[in-house]
There are 2 protein chains.
Amino acid sequence: MTGEYTVRTMLHLASQPLGTMTQISEIVKAWEIPEHFLRKIVQLLTKSNLILSRRGMGGGIELAKPAEEITLLEVIEAAEGKMALNKCLVRRGMCHRDPWCAVHLVWHEAQEKLKEVLRSKSIAELAKQSLARREQIYSLPLQVGL
Amino acid sequence: MTGEYTVRTMLHLASQPLGTMTQISEIVKAWEIPEHFLRKIVQLLTKSNLILSRRGMGGGIELAKPAEEITLLEVIEAAEGKMALNKCLVRRGMCHRDPWCAVHLVWHEAQEKLKEVLRSKSIAELAKQSLARREQIYSLPLQVGL
DNA sequence: TCATTATGAGACAAAAAAAGTCTCTTTTTA
DNA sequence: TAAAAAGAGACTTTTTTTGTCTCATAATGA
């Protein structure tokens with residue numbers, strides 16, 4: 001669920017007017033996320049410099065840069081760590097078959113293709129598309145959450 | 001490890017002369033796999049019709065069709081079940097955001113790219129490449145295992 | 001027919017990873 | 001200085017993965 005919650009949070013922030021500070025508790029309400037769990041995820045996003053946070057009254061979180069410049073890959077890796085389809089891709093030399101194992105090469109290739117797709121989508125794009133698709137399907141006024 | 005063990009087993013079988021019955025205990029020795037665990041995996045491969053088994057003296061397992069006709073994707077899915085990068089890809093309608101969530105589409109696209117790579121490699125090809133690469137690196141006579 | 005040599009099946013256990021909870025701290029601002 | 005926000009970390013629970021054990025079934029050959 002971590003990746004799921006993380007993306008929801010970023011989409012939420014991307015759909016806020018620029019310069020708005022959003023409270024974590026607001027995101028928790030809008031999407032269905034356990035509060036304390038989300039707080040930990042948000043800390044990871046902050047450490048990865050994808051969002052900025054401010055404590056105290058009137059505080060909250062906001063995107064650290066324009067949503068157009070944040071890719072889905074960045075977001076997911078910030079929360080779940082570097083992607084690795086297979087253990088032997090995690091770090092070189094972990095598996096003693098590495099030097100000759102052809103399967104290793106295939107995993108690597110597959111992983112690159114996967115990352116390429118995730119890297120090609122910005123949070124801005126996804127947020128816009130989701131809103132558009134939802135509006136089209138339900139013909140409802142836009143509203144954040146659910 | 002399941003996927004790992006499964007692939008090793010299939011590569012082992014692919015490198016045997018045609019018509020050979022290979023015993024599970026032999027594979028266990030050649031590669032580093034817990035015996036009882038591998039027995040269960042082999043059962044999955046049998047049920048997926050990727051290998052044939054025969055009990056009793058002189059029995060063992062063998063590929064059910066030429067290694068050229070078995071893809072890496074088939075092998076992995078036989079042992080680990082259908083791939084799903086994300087929960088919402090498992091079955092339609094599981095997530096109520098499906099109809100409009102743009103992220104869902106991206107996951108789908110990424111998954112297809114991934115599967116495409118795995119589907120493009122046959123077990124025969126991988127076995128051959130691995131042997132060749134190993135020979136080149138170590139300049140050793142070919143030997144199964146490790 | 002019976003002992004031997006294989007795989008088949010399924011319950012069970014242990015370990016690891018993921019998800020979720022709780023409590024206390026720190027910072028900011030009014 | 002009180003209230004409102006995020007920060008940090010220990011802890012627990014749940015789920016998934018990995019591994020083990022025991023008995024059943026099938027085939028073969030003496």
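Below, read A as the first sequence line, B as the second, and so on, with proteins coming before strands; counting in each chain starts at 1.
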Rounded to whole Å, CD1 of A/Ile33 lies from C1' of C/dT21 at a distance of 16 Å
Task: Check: A/Ser130 side chain, A/Ala127 main-chain N or O, donor-acceptor pair, under 3.5 Å - done: no
Open item on the list: On the nucleotide C/dA19, are OP1 or OP2 found under 4.0 Å from the side-chain N or O atoms that A/Tyr5 carries?
Closed with: no
A/Ile41 CD1 to D/dA8 P, in whole Å, measures 15 Å
Below 3.5 Å is the cut-off: list the nitrogen or oxygen pairs between protein and nucleotides 20-24 of chain D, distance only.
none

| said: D/dA5, OP1 or OP2 - any side-chain N/O from A/Ser25 closer than 4.0 Å? | reply: no
Closest non-hydrogen atoms of B/Ile123 and B/Met10, given as atom of the first, atom of the second and distance, are CG2-O, 3.7 Å
Walking DNA chain C from its 5' end, the first of A/Gly58 and A/Glu80 to be reached, judged by nearest nucleotide, is A/Glu80
Here the distance between atom P of D/dA6 and atom NZ of A/Lys47, to the nearest Å, is 16 Å
The nucleotide from D/dA8, C/dT7, C/dA9 with an atom nearest the side chain of B/Gln23 is C/dT7
Could you check whether any side-chain N or O of B/Ser15 sits under 3.5 Å from a backbone N or O of B/His12, counting only pairs where one atom can act as donor and the other as acceptor? yes
Exercise for the section: Output yes when at least one side-chain N/O atom of B/Ser53 is less than 4.0 Å from OP1 or OP2 of C/dG8, else no. Expected result: yes
Numerically ordered, the residues 59-67 of chain A set in heavy-atom contact under 4.0 Å with DNA chain D is A/Gly60
To the nearest angstrom, the CD1-P distance between A/Ile24 and D/dG7 comes to 6 Å
Check your understanding: Side-chain contact, heavy-atom cut-off 4.5 Å: B/Glu109 with B/His104?
Key -> no
Sequence neighbours excluded, the answer for salt bridge (charged side-chain N to carboxylate O under 4.0 Å, His left out) partners of A/Glu116 is none
Check: A/Gln111 side chain, A/Leu85 main-chain N or O, donor-acceptor pair, under 3.5 Å: yes
Checking D/dG7, D/dT28, C/dG20 against the side chain of B/Met57 (C-beta onward), the nearest is D/dT28
From CD1 of B/Ile51 across to C1' of C/dA6 the rounded distance in Å is 14 Å
ring-ring contact (aromatic ring centres under 6.0 Å, His included) pairs touching residues 33-54 of chain B, sequence neighbours excluded, are B/Tyr5-B/Phe37
Requested in this report: Under the salt bridge (charged side-chain N to carboxylate O under 4.0 Å, His left out) rule, what do A/Glu32 and A/Arg8 come out as? Steps first, then yes or no, please.
Outcome: CA-CA 10 Å; A/Glu32 302 137 29; A/Arg8 286 186 208 166; 5.2 Å; no
Distance-only check: which donor-acceptor pairs under 3.5 Å involve side-chain atoms of residues 46-54 of chain B, not counting sequence neighbours?
{"unit_1": "B/Thr46", "atom_1": "OG1", "unit_2": "B/Val42", "atom_2": "O", "d": "2.8"}
{"unit_1": "B/Ser48", "atom_1": "OG", "unit_2": "B/Leu44", "atom_2": "O", "d": "3.1"}

- [ ] Report which part of the nucleic acid A/Arg39 touches: base, sugar-phosphate, or nothing (heavy-atom distance under 4.0 Å, all strands).
- [x] base
Taken to the nearest whole Å, CE/A/Met21 to P/D/dA4 is 18 Å
To the nearest angstrom, the CG-P distance between A/Leu13 and D/dA6 comes to 11 Å
Would you say the base of C/dA9 and the side-chain of B/Gln43 have a donor-acceptor pair closer than 3.5 Å?
yes
Only pairs under 3.5 Å count here: list side-chain donor-acceptor contacts from residues 55-84 of chain A, not counting sequence neighbours, and write none if there are none.
{"unit_1": "A/Lys65", "atom_1": "NZ", "unit_2": "A/Glu74", "atom_2": "OE2", "d": "3.3"}
{"unit_1": "A/Thr71", "atom_1": "OG1", "unit_2": "A/Leu73", "atom_2": "N", "d": "3.4"}
{"unit_1": "A/Thr71", "atom_1": "OG1", "unit_2": "A/Glu74", "atom_2": "N", "d": "3.1"}
{"unit_1": "A/Glu74", "atom_1": "OE1", "unit_2": "A/Thr71", "atom_2": "N", "d": "2.8"}
{"unit_1": "A/Glu77", "atom_1": "OE1", "unit_2": "A/Lys82", "atom_2": "NZ", "d": "3.3"}
{"unit_1": "A/Glu77", "atom_1": "OE2", "unit_2": "A/Met83", "atom_2": "N", "d": "3.1"}
{"unit_1": "A/Glu80", "atom_1": "OE2", "unit_2": "A/Gly3", "atom_2": "N", "d": "3.1"}

To the nearest angstrom, the CD-C1' distance between A/Glu4 and C/dG20 comes to 16 Å
